[in-house]
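Below: one structure, written as structure tokens.
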Amino acid sequence: MKVRDVNCGYLPLVDSAPLIIAQELKFAAEEGLRLNLIEQPSWSALRDMLALRHLDAAHMLSPMPVSMTLGLGGLPARIDALMVLSVNGTVIGASQSIANRMRAAGWADDFANPALAANALFAAANGPLRIGVPFPFSMHRLLLNHWLRSHPGFTDDSIQIISVPPPRMAEALQNNELDLFCVGEPWGSVAVQRGGATLVLPGSAIWQFAPEKVLGVRHDFTWTHAETCHALLRAVHHATRWLDKADNKPLAIEILTRSQHLNLPEQVIEPAITGRIVTASGRVPVETPNFLLFHKQAANFPWRSQAAWIAAQIADLHGVAPGPAMDAARSSFRSDMYRTALGPIGVDLPGASEKLEGAMSHETAVSSTRGHMILGPDAFFDGQIFDSPPEKPLNS
Amino acid sequence: MDHAVKILVVEADPKRAEDIMDALRSGGWGDVTVVADAARITETVAQINPDIVLIDIASPDRDALEQLSIASDARARPVAMFVDQTDEDLTHAAISAGLSAYVVDGLQKNRIKPVLQTAIARFNMMSKMQSELSAAKRALVDRKTIDRAKGLLMQARGIPEDAAYALLRKTAMDQGRKVIDVAQALVTSADLLR
């Protein structure tokens, strides 16, 4: 078999695990791929390197293919999201002083209730809340938007969004540059351990099924290297399935700790993988169901409706027309290619490529290519349901 | 060549920062600020409002700049970058894609100048396009306002369109104002009376 090189960019986060496992456990090699994982110093650099063809594929924040396709921020490029690499996995944390004032305002420190946390947060604020996110086009930013905008105390100038590289989040909080942050693990746990942060909510409390990272490739690459894309999809599919098996978790933590790709100690990798989150220094870990999903509940399926939701939020934040943005986003989430690559190896696939985002408050059986499959929950904390059918139906 | 551009250099290594400053000065760019502390980028950009930011392509703080460059008023600010290797392909691709890459293979001063010139040329081109675009948008909005004012006059006075426009123009001339200002005042008062 001819071995094909795939240069894949990533940022050192726990949710880059599917790519690391695909390489380390040889799922990629079994598909005839030499998966070269290339660490990137920032999301901007990763984006530019992908657009400039120095990377073939990349571990991307789920709004990045959408924002790039819409030509927002930096280099525009048509990017396809072949699959979702992970669902959820982010945390919202507060500085010591804001957390104390929130407690004084009656907040129960429960790591569960967005509405009550927002009440306490706005009561505790004196001036605009300075909120750190890793990148302007990120699920972190969109979740914050969905959460805080629904509060009656919200105005456009009640928050100030600041981009902070994840490894600097703890330090920025300690130096009183931030009141609040939303970041992917392990950087929330690091902020608790080093920065005296209190974790207020898991991202999944705001949206129970938020696509966090996707596997992005340039649109022209999917045309010229369709077979490579299929092989990559299969390899990463095997890796995510392996990662979500309960028995494999201890070994997964071990591999992630030992591999040179993350360079992070075990105690900061463990919470995300096990869903046992220490919300403040010295506390008992909180069991957080569905904290980070790699495979379960069809986590990898790139729903066109997820892309549409992302586009609607971005359109709102950046003042672009929502209709065309949603259509462009829908076509960048390649559920068609996902089906083509994984159908023939017997992977169960949902019967539709769009769903009502937010409609499932419990696990729900839906029809699939092999009978039925379990999806959800995917509810938003405020019960909102996102339904915006495409202008014209897409193929598949 | 516009030598009045304000340049911000983001560089933590003092030796390297010094070399870059020298190269910039010898190229005729005098208005240069260096920020070494990553945490101060946002603050510094707000303070000095640079025309161009130079930052190492490998710096994690590029994402903080990204936030600043999508802020409404800073859309046209170019970010030139240091690429710390001789990679002609990457440089070429970056420049043709609109990024202003900046090759510093051992920091050769003669290479800084052409790339910075490209960045500035691009900046000027972008600013021009931006102002043309906002002028076009402005004209469109103005025309809509004038159309609404004409409509209001036609309805209120029972006069045809050309008479409505003539009335607007005469009022403007009598008062020494622009037609759009008169139309805007009319539309605003109509909205208030609704």
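Reminder, nothing fancy here: chain letters follow the sequence lines and each chain counts from 1. The structure presented is a predicted model; accordingly, all values stated were derived computationally and were not measured.
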Interchain contact, [X] with chain B, by part (heavy-atom threshold 4.5 Å):
| X | result |
| --- | --- |
| A:Arg168 | side chain |
| A:Ile161 | both |
| A:Pro134 | backbone |

How would you list, in number order, the residues of residues 174-191 of chain A that have a heavy atom less than 4.5 Å from chain B?
A:Glu177

Evaluate whether atom CG of B:Asp174 has more than 12 neighbouring non-hydrogen atoms of other residues, nucleotides or ligands under 6.0 angstrom away.
yes

Crowded around A:Glu39 CD? As in, over 12 foreign heavy atoms under 6.0 Å?
yes

Looking only at heavy atoms, what is the nearest atom pair of A:Ser163 and B:Ala64, with distance?
O-CB, 3.6 Å

Taking only residues two or more places apart in sequence or in another chain, which ones pass side-chain hydrogen bond (donor to acceptor under 3.5 Å, both in side chains) with A:His225?
none

Under the side-chain hydrogen bond (donor to acceptor under 3.5 Å, both in side chains) rule, collect the residues that match up with B:Arg177, sequence neighbours excluded.
B:Gln175

Below 3.5 Å, can you tabulate the donor-acceptor pairs from side chains in residues 159-167 of chain B to any protein atom, sequence neighbours excluded?
| residue | atom | partner | partner atom | Å |
| --- | --- | --- | --- | --- |
| B:Glu161 | OE2 | B:Lys150 | NZ | 3.0 |

Heavy-atom donor-acceptor pair, B:Asp63 side chain to A:Trp43 backbone, under 3.5 Å
yes

